[in-house]
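Beneath this line is the structure, given in structure tokens, with notes to follow.
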Amino acid sequence: MGGKIVSVGTTRDALHDPWIKKHRKQISEIDCAGKVVIPGFVDSHTHPVFASPRLIDFEKRIEGASYEQIAAAGGGIRSSLEGVRSATKAALQAKVLGVMNDMAAHGTTTIEAKSGYGLTVDSELKSLQAIREAASRWPGTIVPTLLGAHLVPREFADQPQKYVAIVCDEMIPRAAKQGLARFVDVFCDKGAFTAGQAEQIFESAVKQGLHVRAHMGQLSETRLAPFLRFNPASFDHMDHVSDDDVAQLSKHGTIATLVPGANYFLGLKEYPNARRLIDAGVPIALATDYNPGTSPTVSMPMAMSLACTQMKMSPAEAIAAATINGAWALRIADHKGSIEPGKDADLALFDLDDYREIPYWYGANHCRLTLLNGIVFRGGASAHVGTRNTSARG
Ligand SMILES: [Zn+2]
């Protein structure tokens, strides 16, 4: 009903639902018998606004260069800036929409989308506008994030503080005023922003009424406890985190978003220690970290497969992390992330017999159909089903 789930249960139960009884004739049925239906994936960490893949970085890394060496040689995040700065908004919008469709084809129905490859006020706002325009053409749900603090651009290399001031005093207020972002994100790590700078950026975000999240502990450890006063929704990556911070997080409810696709693509032997976080009671979300440098994948099933094989999460834990916990990480769990009456009708249908096969058949896409806010999407095309509602049977 209006893109919402009306009833959950057996076909028998659903047919007794008063709303369904009344509107039976207008409902199209999708027969899901013998298939797996789960909540649509909530990919809570993606960087879709870029112009080109980074194939030179890819080859250099294969030859043995590290993340830092590639950045020092002019590759890395900085090499994506020119493409975004010179691109038209329409071109970026088309690119982002293409990614959203690819993601939907793999079972994703909600996407957090970050800016962060422009790093000027104009190009960051342009990136967020491209996200907004792509979102208006896509039936799923987009949560936009300003990542103006992705890296200090080269023109401010000698005066990073000046760039932080631009982020705090211009970028964040303008993005907030135009309603272009729900979250502000910071890449807090060596070679990016210091903890002190991240606090300044968080302060500005909170003052503008935006929620905060951060890339933390990917390359090195940053103390997390001092940031909890900003009530962050999520800390992402979390390869390096102290026992003390893990204990603090478990008390606070901040989600740890793990992105094993980045570890895989960087060829790292170490993955974030998911079991340690779970054992301590820290809720974990899984995301693709879709981006051109370190994780060019749209596939949540691939992230889940890596979570199972490399981080020893069970298939059930991986599904929860890829759906409801992703929704918590975006502060939308009241209407996303699980199949419950009243929640948004976001479903993914897999041509499989058992949910454990989703992470098991890695590298293959078995998603046959997604339902995004009640609208059916079959790999490339979306169409309204019925007039008001869809009931999935199975
Ligand atoms: Zn990221």
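Scope of the values below: all heavy atoms of this structure, side chains included, with no hydrogens, waters or symmetry mates. Just follow the structure's listing: the first ligand is 1, and inside any ligand the first atom is 1.
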Going by side chain to side chain donor-acceptor pair (under 3.5 Å), name the residues that satisfy it together with His252, two or more places apart in sequence or in a different chain.
Thr254
Would His47 and Tyr290 count as a ring pair (Phe, Tyr, Trp, His ring centres under 6.0 Å) if you check the C-alpha gap in whole Å, the side-chain angles of each, and the deciding distance to 0.1 Å?
CA-CA 6 Å; His47 304 251; Tyr290 174 79; 8.9 Å; no
Which atoms of the protein, restricted to N, O or S, are nearer than 2.8 Å to the Zn ion (ligand 1)?
His45 NE2, His47 NE2, His215 NE2, Asp289 OD1
With sequence neighbours excluded, residues passing side chain to side chain contact (heavy atoms under 4.5 Å, CB included) with Ser250:
Val282
Please check if the distance between the ring centroids of His106 and His366 is under 6.0 Å.
no
Charged N-O contact under 4.0 Å between Lys162 and Glu155
no
Mind checking what makes ring pair (Phe, Tyr, Trp, His ring centres under 6.0 Å) contact with Phe58, not counting sequence neighbours?
Phe265
